[in-house]
Amino acid sequence: MDKNPLKLKKTYLFFTSLWIRMVCMFMIFGAQITTAQDKDFVIPDSLKGLDYDAVYRKYRKTIRDTTFSKVYLQTCIKKAIAENNKIKLAKAYTMLSYYTIEESEKLKMLDYAITISTDLEDKTYPFMAYSFKGGYYLRKSKYSMALDTYLKLLSVAEKTKNIEFIAITKHNIACIKTEIGKHQEALPLFKENFTHITNNHSADTTRYLNSIIKLAESYRYNNSLDSASMYNSKAIPRALKTKRYYNRYYGRILVNEGINLFFKEKFDRASDSIVKGISVLNKNNSQHKKAYILGEFYLGKLQLLQQNVISAKKHFLIVDSIIRIEKITLPEVRESYEFMINFYKANEKKERQLESINKLLQFDSIINKEASFVSSRLFKEFDTPLLLNEKETLIEELKGNNKNLNLLVVFLSSLTMITVVFLYLQYKKRKTYQQKFEQLIDKGKSIPNETLQEKPKDNIGVADDIVEEILNKLALFETNKHFLKKNISTTSLAKDIKTNTKYLSKVINHHKHKNFANYINDLRIDHAVTQLKENKTLKNYTIQGIAEEMGFNTAESFSSAFKKSTGIKTSYFIKRLHSLNTQ
């Protein structure tokens, strides 16, 4: 038996194909790189008399001790080469990669493990090596690379009908979907994996907790807070089962449940749960780092609810420090950067304000780039093939079942009708949007700018001279664009124009034909439309940035007011303006 599994067979000498020769050279070169760090390794005397399996068992007993683990695994590599056993060699390299700090070396080990174990019809390899590689990229927030690895793994697993790794990989792809905000799409995959584990591996506490914690998180992201709390409560007894599970999972569960309680507006309990959870987190564990970030972020939000700005700032600074060191990007915590910008702006610390703006821009660029690219790939390479597989399965089932033929016809007919209706509605919607956009461009305004109008003769219970005075002051208020100030209320405006809120509300309702909130919003949107058409710089702002310029506190409130006032979405209006400029 040839004791060197990397040695090429003699028949390779007869290949004339340049491609084959290049592949062979790559395999030899890859082996040399991968094994370079082990060539000087000498098996300790105490391990020389043991076979591979005995040494591997020793490794399993000292898995948490990096020094011992590396010695045992390097010994396993030597013994696997001596046995000419590629599966054992792949296994040893995969496990050794976990203890390797240098990324290039880690990935070379995993790629080598994949190469030598592919097509050997083993139930675990190369699947485990693929999974380790994808997991590494996922922990590093390199979602595109993680997706690429998982899609390759899924393809191999489906070809060999490896049910276990199909389930594991779908769970991991759901994790990627969660990271880029595709929470509705992620939830069914998490539920599918949890069902698989409870039906087939209920005694495997590690797999059970990994699955249920992600499922609970997904329910929270989908605003099913009671379901999230229910699964967290199921996870806690298993996490308290042993000290090992307690250290790995209990802190994460407490932080997650604390966030649930925050959204349930049970703020005292939320704070207690998050603080307790953070205290037991292992700050060196990648999953725990994400829980740590979220925990500090929501503690900051809790402090803001108590109007304790300084304390909130401390929590948000911790969030930023972890993100910058670990290169972890969580869209959920973007608000912390917005807070820091506004905090430094209010305190006139311009250098710190600029620093925070740059951090937010960098944060957004990473999030948007990854999310957009990965989302597109998920749709093309995972979601669409999944739907097509379901479609083929349905068709095959329907072929041999005449009883279901009519059902298929009805289904396809209904689908066709729904599609036609949907396309027609989309066409009408696009046409309506186009008409409204053209009206905004041609008329030069989104809404009538009502200043002084002929007074209706109805008696509103306010003296005519007072009405006249209020209308004059409102005209001045509109001319001077004072409606762009944030947090305007009937009380603040009445005070500014020296009248009372009752009179002000009656005059606006009667003479402006709208309530106070709509009056202010319409003025702001009218100004926004004008500025977006005339100010080239403003068009390049984010929705949040435009909203703040127009006096709104959030992008959501601005977008809602814009749609209500103009009949079209803000994003559509800006996109069409850009297209006009490029024509």
Side-chain angles (χ1 to χ4, degrees), residues 1-15 17 19-41 43 47 51-57 59-60 69-100 102-137 145-146 148-162 164-166 168-169:
M1 179 182 292
D2 188 351
K3 293 186 178 182
N4 184 0
L6 308 179
K7 185 177 179 182
L8 301 175
K9 295 180 180 180
K10 292 181 179 180
T11 51
Y12 283 19
L13 297 174
F14 297 102
F15 288 135
S17 167
W19 184 85
I20 293 292
R21 291 180 183 179
M22 290 176 66
V23 171
C24 294
M25 288 175 67
F26 170 78
M27 291 179 66
I28 295 171
F29 181 68
Q32 289 173 342
I33 292 175
T34 307
T35 59
Q37 70 172 40
D38 303 320
K39 65 181 180 180
D40 296 327
F41 175 76
I43 298 176
L47 302 178
D51 62 11
Y52 177 100
D53 295 330
V55 177
Y56 193 81
R57 284 195 294 271
Y59 153 68
R60 294 296 298 173
S69 294
K70 290 177 73 172
V71 170
Y72 289 139
L73 289 170
Q74 286 172 324
T75 300
C76 285
I77 288 171
K78 295 284 188 180
K79 292 183 179 290
I81 292 174
E83 294 178 19
N84 193 23
N85 190 314
K86 293 183 180 180
I87 294 299
K88 288 182 177 180
L89 187 59
K91 183 177 182 180
Y93 269 124
T94 299
M95 297 305 162
L96 183 59
S97 72
Y98 177 80
Y99 302 95
T100 304
E102 183 64 36
E103 179 178 288
S104 60
E105 287 298 312
K106 184 189 293 284
L107 296 176
K108 284 171 187 173
M109 288 181 181
L110 292 171
D111 286 337
Y112 182 62
I114 291 169
T115 300
I116 63 174
S117 59
T118 298
D119 298 328
L120 294 182
E121 298 182 0
D122 186 77
K123 291 183 178 180
T124 307
Y125 287 88
F127 313 108
M128 186 68 80
Y130 272 121
S131 202
F132 266 53
K133 185 178 178 181
Y136 172 76
Y137 284 136
M145 294 179 180
D148 183 61
T149 304
Y150 287 138
L151 288 174
K152 289 177 182 177
L153 169 53
L154 189 62
S155 175
V156 177
E158 287 177 341
K159 285 179 182 177
T160 57
K161 298 182 180 179
N162 192 315
E164 289 306 315
F165 277 95
I166 289 174
I168 291 169
T169 307

Q) Are side-chain heavy atoms of Arg60 and Tyr72 found at a separation under 4.5 Å? A) no
Q: Identify which one of Tyr150, Tyr130, Phe127 satisfies the ring-ring contact (aromatic ring centres under 6.0 Å, His included) criterion when paired with Phe165.
A: Phe127
Q.
Can you tell me if Lys152 has over 12 outside heavy atoms packed within less than 6.0 Å of its NZ?
A. no
**Q.** Side-chain heavy-atom pair Ser117, Asp122 within 4.5 angstrom cut-off
**A.** no
Q | Over all atoms of both residues, closest heavy-atom pair of Asn162 and Lys123 | A | ND2-O, 2.8 Å
**Q.** Stacked cation flag Lys91 on Tyr56, 6.0 angstrom / 45 deg
**A.** yes
(Q) Applying ring-ring contact (aromatic ring centres under 6.0 Å, His included), can you list everything that pairs with Tyr136, at least two apart in sequence or on another chain? (A) none
Q: Taking the side chain as every heavy atom from C-beta outward, state whether Leu96 and Tyr59 have any atom pair closer than 4.5 Å.
A: no
Q) Which value, rounded to the nearest 0.5 Å, describes the distance between Ile43 atom CD1 and Gln74 atom CD? A) 10.5 Å
Q) What is the minimum heavy-atom distance between Ala129 and Thr94, and which atoms define it? A) CB-OG1, 3.6 Å
Q. Does Asp53 come within less than 4.0 Å of Arg57, counting only side-chain N to carboxylate O?
A. no
Q. Of all heavy-atom pairs between Tyr125 and Ala90, which one has the smallest distance, and what is that distance?
A. CE2-O, 3.9 Å
Q: Mind listing the closest non-hydrogen atom pair of Lys79 and Asp51 along with its distance?
A: CD-C, 3.9 Å
**Q.** Inter-residue atom distance Thr160.OG1 - Asp119.CG, 0.5 Å rounding
**A.** 10.0 Å
(Q) Taking the side chain as everything from C-beta on, heavy atoms only, tell me whether Asp111 gets closer than 4.5 Å to Lys133. (A) yes
